[in-house]
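From a predicted model like this one, the values you see are computed outputs, not experimental measurements.
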Amino acid sequence: MDKIYLPLPPNFSLKSTIFSHGWADLEPFKRHVDPLQIDYILEIPSGQVHHLHISSPNDLQLEIKTEHQVNDKAGEQILKIVKRMFRLDEDYTEFYLLARQSPEFSWITKYNAGRLLRCGSLWEDMVKMLCTTNCTWRLTQIMVENLVKKLGKAEEFKKGNKSMRAFPNPGNVAVCDENFLRQEIKMGYRAPYLLGFSQAITEGKLNLADFENDNISTPDLYKQLRSIKGFGDYAVSNLLKILGRYDYLGADSWSRKKFAEKHLDGKSCDDSIIASNYQKYGKWSGLFFWMDVSEDWYQRELPFGKSQEPNPKSQINPNTE
DNA sequence: GCGTCCAGGTCTACC
DNA sequence: GGTAGACCTGGACGC
């Protein structure tokens with residue numbers, strides 16, 4: 001067992017980040033409520049697969065335990081990825097300032113909410129987002145579980161049926177038969193989209209690092225992501241949130257319903273009405289929308305206890321079923 | 001237990 | 001540019 005530590009920024013809450021949306025409910029994440037900890041099976045760029053146990057023993061540090069000792073290079077790679085997952089380098093100063101100034105959002109500072117959990121890679125975030133489109137959360141879980149179990153690399157030092165597996169990399173998926181993805185992974189009609197996406201990456205036609213470039217404007221990034229088959233407005237708007245850009249709403253059936261219940265006595269409305277409600281928050285409007293519709297998760301006495309676990313519906317969508 | 005219907009987001013063909 | 005229909009599955013519902 002090896003331990004690595006990461007310093008935490010102010011306004012960080014492990015609990016609020018883990019339960020910020022549905023990702024922690026999907027493999028290869030595994031969350032534990034008491035004591036609070038999240039496990040993740042990570043394949044680092046060098047190809048090693050590590051079982052990480054992540055917790056925060058205090059307000060100042062994130063503790064990452066690995067099942068086995070890691071060398072310096074592997075340790076650096078793990079730290080870089082975990083930083084990305086928990087958005088430790090993202091600046092939320094303006095977001096918290098706006099939250100403090102808005103009586104309806106002052107609760108955000110109380111819970112240090114706002115950081116949306118990410119996966120170990122943008123590839124994994126994007127595939128999971130694709131798996132949330134046009135289906136129930138249960139089906140999303142099935143698709144992701146199949147991808148991990150049938151295509152993911154087994155945990156290092158523990159190869160065999162009982163070992164846990166990392167999320168498959170693009171190369172693992174690109175060599176699959178479309179029918180296998182359709183029937184065995186249960187991707188259904190999404191299978192050709194996933195296959196095309198993974199092959200574009202392995203063939204060098206698509207470089208996901210380009211999407212993490214701060215120099216691209218958000219509308220341009222939206223256009224680029226929308227050009228990938230299978231990623232429509234909902235998926236791309238929420239991927240932009242994953243990329244730290246919160247300009248777009250990314251509403252889906254669950255969040256529209258939630259907004260209607262909260263603000264319009266249950267009467268549905270056009271997305272433009274919803275957007276106008278958060279316009280004053282500028283580039284943070286999409287995040288304030290998400291905070292607004294997910295507020296009740298934080299307000300519960302035991303917001304994320306075993307008896308009241310979020311039951312995510314889409315990307316980021318608990319409580320639909 | 002079985003059959004039917006519906007919800008969910010995106011793409012494509014058509015107007 | 002807007003719209004209808006197809007895509008696929010799990011789950012709810014009725015019998």
Side-chain angles (χ1 to χ4, degrees), chain A residues 21-23 25-27 116 119 122-151 173 176-201 205-206 208 211 219 221-243 245-262 264 266-275 286 289-290 293-294 309-321:
Chain A
H21 61 112
W23 264 199
D25 208 28
L26 296 174
E27 291 199 24
L116 305 178
C119 300
L122 180 56
W123 148 259
E124 186 179 330
D125 284 317
M126 290 184 74
V127 173
K128 285 179 175 172
M129 197 67 76
L130 182 63
C131 292
T132 69
T133 57
N134 198 25
C135 65
T136 58
W137 182 249
R138 182 71 200 111
L139 182 55
T140 299
Q141 287 177 309
I142 290 169
M143 286 186 259
V144 172
E145 190 180 317
N146 285 332
L147 280 167
V148 171
K149 287 203 171 138
K150 297 182 181 180
L151 297 174
V173 177
C176 289
D177 179 70
E178 186 185 311
N179 279 334
F180 171 81
L181 295 176
R182 194 180 282 272
Q183 287 160 18
E184 299 292 322
I185 305 294
K186 297 286 178 190
M187 290 296 291
Y189 71 93
R190 303 165 197 80
Y193 302 151
L194 176 61
L195 197 55
F197 177 48
S198 61
Q199 288 173 345
I201 295 169
K205 294 172 185 166
L206 196 59
L208 298 190
F211 299 138
L221 193 49
Y222 179 91
K223 274 185 210 160
Q224 287 182 29
L225 289 165
R226 279 290 265 120
S227 69
I228 306 169
K229 283 227 169 85
F231 293 87
D233 175 69
Y234 148 83
V236 169
S237 297
N238 284 304
L239 278 174
L240 285 173
K241 289 185 186 136
I242 290 292
L243 289 163
R245 301 179 189 234
Y246 307 99
D247 315 46
Y248 290 79
L249 208 57
D252 65 353
S253 56
W254 177 83
S255 55
R256 288 188 188 100
K257 188 176 167 214
K258 200 84 179 164
F259 178 87
E261 284 170 1
K262 196 166 179 183
L264 301 170
K267 284 177 72 177
S268 61
C269 70
D270 191 84
D271 280 1
S272 61
I273 306 285
I274 303 178
F289 166 59
W290 178 245
V293 295
S294 62
E309 287 184 0
N311 186 10
K313 159 41 211 113
S314 70
Q315 157 250 136
I316 299 198
N317 261 354
N319 296 337
T320 308
E321 294 174 60

To the nearest 0.5 Å, what is the distance between OH on A:Tyr234 and CG on A:Asn134? 10.5 Å

Length of the OH-P vector between A:Tyr189 and B:dT12, whole Å: 12 Å

Residue met sooner reading DNA chain B from 5', once A:Ala251 and A:Lys229 are mapped to nucleotides: A:Ala251

Atom CG of A:Leu130 and atom P of C:dT9: how far apart are they, to the nearest Å? 14 Å

Using 30° and 60° as the class boundaries, would you call the ring planes of A:Phe231 and A:Phe197 parallel, tilted or perpendicular? perpendicular

Taking only the side-chain heavy atoms of A:Thr133 (C-beta and beyond), determine which of B:dG9, B:dG8, C:dG10 contains the nearest atom. B:dG9

Parallel, tilted or perpendicular: ring planes of A:His21 versus A:Trp23, cut at 30 and 60 degrees: tilted

Presence of A:Ser253 side-chain N/O under 4.0 Å of B:dG9 phosphate oxygens OP1/OP2: yes

A:Met143 has an atom CE; how far is it from atom C1' of C:dT9, in whole Å? 8 Å

Any donor-acceptor N/O pair under 3.5 Å between B:dG8 base and A:Tyr234 side chain: no

Going by side-chain hydrogen bond (donor to acceptor under 3.5 Å, both in side chains), name the residues that satisfy it together with A:Glu184, two or more places apart in sequence or in a different chain. none

Expressed in angstrom and rounded to an integer, what is the separation of A:Leu139 atom CG from C:dC7 atom P? 17 Å

Expressed in angstrom and rounded to an integer, what is the separation of A:Tyr248 atom OH from B:dG9 atom P? 19 Å

Atom NZ of A:Lys186 and atom P of C:dG10: how far apart are they, to the nearest Å? 5 Å

Is any side-chain N or O of A:Arg226 closer than 4.0 Å to OP1 or OP2 of B:dC11? yes

Roughly how many Å is it from CD in A:Glu184 to P in C:dT9, rounded to a whole number? 11 Å

Atom-pair distance (CH2 on A:Trp137; C1' on C:dC8), nearest Å: 18 Å

Among B:dT10, B:dG8, C:dC8, the nucleotide that comes nearest once only the side chain of A:Ala235 is considered: B:dT10

